[in-house]
Amino acid sequence: MGMDVFGKNATSKKGEYFRNNVWWWHPLWDYCLELHGDICDKVEHGHYNDGDGLDAYEASLLSDRLLADIATGVTANYEMKYRNAIADLPRNDCEYCDATGIRTDSVGVENGMPERELSPEVAIVVGRTHGYCNACNGEGKVLPWEANYPFSVENVREFAEFLADCGGFEIC
């Protein structure tokens, strides 16, 4: 699923359309809300694709602010803090191997996972040379769900460039 953001009165090809899948859109819109809530709070349903959006003036203003954030390093700092926060989240027990690192269910056995040799890097970490799980790479732990939601300066830049030329937008 994705968020298709359409320009209402685009002045260039770049202002016609912006798309993010939900994984990228939610952190992007959260950033906009957090740093520019005075503009973005006007969008009641920014996390949904039901046609909500901003008019031309508000979209242009948001573009200017996002580009200023990028130019002054605010966005890069936010990205670093965001990535560090994700990295600091505790890892979860892997449900496919019951946190053992070795998948012994029918799928695991059928694919030779209990006997599979681990990479040297994983073997050092887990203290064994064999036994694998395709969900956790043999480690018994997986990243939390939140780690699936990336954030980047480049994505903010692309959105800001869209906003500059969109003439207002609707999230569909």
Side-chain angles (χ1 to χ4, degrees), residues 1-96 119 121-122 124-125 134-172:
M1 184 173 149
M3 305 309 245
D4 297 305
V5 188
F6 293 98
K8 290 181 180 178
N9 192 17
T11 58
S12 75
K13 184 82 172 154
K14 195 174 278 191
E16 291 177 5
Y17 180 72
F18 176 83
R19 184 179 197 290
N20 266 173
N21 63 31
V22 295
W23 307 107
W24 281 93
W25 177 259
H26 291 308
L28 172 62
W29 192 249
D30 285 343
Y31 173 85
C32 292
L33 283 168
E34 185 176 328
L35 274 71
H36 305 293
D38 60 315
I39 301 169
C40 298
D41 281 343
K42 296 172 184 169
V43 181
E44 290 183 44
H45 304 282
H47 285 287
Y48 301 94
N49 49 6
D50 64 357
D52 207 349
L54 292 173
D55 66 24
Y57 172 76
E58 294 159 338
S60 179
L61 184 60
L62 181 58
S63 173
D64 291 344
R65 294 229 195 130
L66 294 176
L67 292 171
D69 288 349
I70 293 167
T72 59
V74 169
T75 311
N77 187 48
Y78 185 97
E79 179 181 353
M80 182 183 67
K81 287 180 180 178
Y82 183 89
R83 289 178 184 226
N84 287 339
I86 295 293
D88 288 344
L89 291 171
R91 295 179 60 157
N92 299 325
D93 288 346
C94 178
E95 64 183 273
Y96 296 95
S119 70
E121 299 81 12
V122 173
I124 289 169
V125 171
N134 61 320
C136 66
N137 198 35
E139 296 178 33
K141 297 282 187 182
V142 294
L143 292 171
W145 190 251
E146 294 88 350
N148 292 306
Y149 292 89
F151 179 87
S152 74
V153 172
E154 187 54 36
N155 195 42
V156 174
R157 181 185 324 279
E158 289 174 13
F159 186 52
E161 290 171 355
F162 161 79
L163 292 171
D165 293 348
C166 72
F169 69 86
E170 294 178 337
I171 307 165
C172 299

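Because the structure is predicted, anything quoted here is derived from the model rather than measured.
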Nearest 0.5 angstrom please: [X] [atom1] to [Y] [atom2], how far?
X	Y	atom1	atom2	answer
Phe6	Arg19	CZ	CZ	9.5 Å
Ile39	Cys32	CD1	SG	9.0 Å
Leu61	His36	CG	NE2	9.0 Å
Leu66	Glu158	CG	CD	12.5 Å
Thr72	Asn77	OG1	CG	9.5 Å
Cys172	Met3	SG	CE	10.0 Å

Does atom OH of Tyr96 have more than 12 heavy-atom neighbours from other groups under 6.0 Å away?
no
Determine whether more than 12 heavy atoms belonging to other residues, nucleotides or ligands lie under 6.0 Å from atom OH of Tyr17.
yes
Might you work through the salt bridge (Lys or Arg N to Asp or Glu O under 4.0 Å) test for Arg157 and Glu161, ending with a clear yes or no?
CA-CA 6 Å; Arg157 181 185 324 279; Glu161 290 171 355; 5.0 Å; no
Decide yes or no for [X] and [Y]: does some side-chain heavy atom of the first lie under 4.5 Å from some side-chain heavy atom of the second?
X	Y	value
Phe18	Leu28	yes
His47	Asp30	yes
Leu35	Tyr78	yes

Please lay out, stage by stage, how Asp4 and Asn49 fare under the test side-chain contact (heavy atoms from CB on, under 4.5 Å).
CA-CA 7 Å; Asp4 297 305; Asn49 49 6; over 6 Å; no
Closest approach of [X] and [Y], non-hydrogen atoms and distance?
X	Y	result
Cys40	Leu62	SG-CD2, 3.7 Å
Tyr82	Pro150	CE2-C, 4.2 Å
Arg83	Ser152	NH2-CB, 4.4 Å
Lys8	Phe169	CE-O, 3.5 Å
Gly15	Phe162	O-CE1, 3.2 Å
Pro27	Tyr149	CG-CB, 3.6 Å

Throw together a table of side-chain donor-acceptor distances under 3.5 angstrom for residues 134-148, partners on residues two or more places apart or in other chains.
residue: Asn134; atom: OD1; partner: Arg103; partner atom: NH1; Å: 2.8
residue: Lys141; atom: NZ; partner: Asp93; partner atom: OD1; Å: 2.5
residue: Asn148; atom: ND2; partner: Trp145; partner atom: O; Å: 3.1

Contacts satisfying salt bridge (Lys or Arg N to Asp or Glu O under 4.0 Å) that involve residues 43-61 (not counting sequence neighbours) are Lys42-Glu58
Steps toward side-chain contact (heavy atoms from CB on, under 4.5 Å) verdict (Val43, Leu54)
CA-CA 7 Å; Val43 181; Leu54 292 173; 3.5 Å; yes
Between Glu79 (side chain only) and Val153 (backbone N and O only), is there a donor and an acceptor less than 3.5 Å apart?
yes
So, Ser63 side chain and Ala160 main chain: donor-acceptor pair closer than 3.5 Å or not?
yes
Pair Tyr31-Asp69, side-chain hydrogen bond (donor to acceptor under 3.5 Å, both in side chains): steps then yes or no
CA-CA 11 Å; Tyr31 173 85; Asp69 288 349; 2.8 Å; yes
Kindly determine whether Phe159 and Trp25 satisfy ring pair (Phe, Tyr, Trp, His ring centres under 6.0 Å), including the steps that lead there.
CA-CA 10 Å; Phe159 186 52; Trp25 177 259; 5.5 Å; yes
Residues in side chain to side chain donor-acceptor pair (under 3.5 Å) with Asn9, at least two apart?
none
Verify the distance criterion only: is there a donor paired with an acceptor across the side chains of His26 and Asn20 at less than 3.5 Å?
no
Give me the ring orientation class for Tyr48 and His45: parallel if the planes are under 30° apart, tilted from 30 to 60°, perpendicular past 60°.
perpendicular
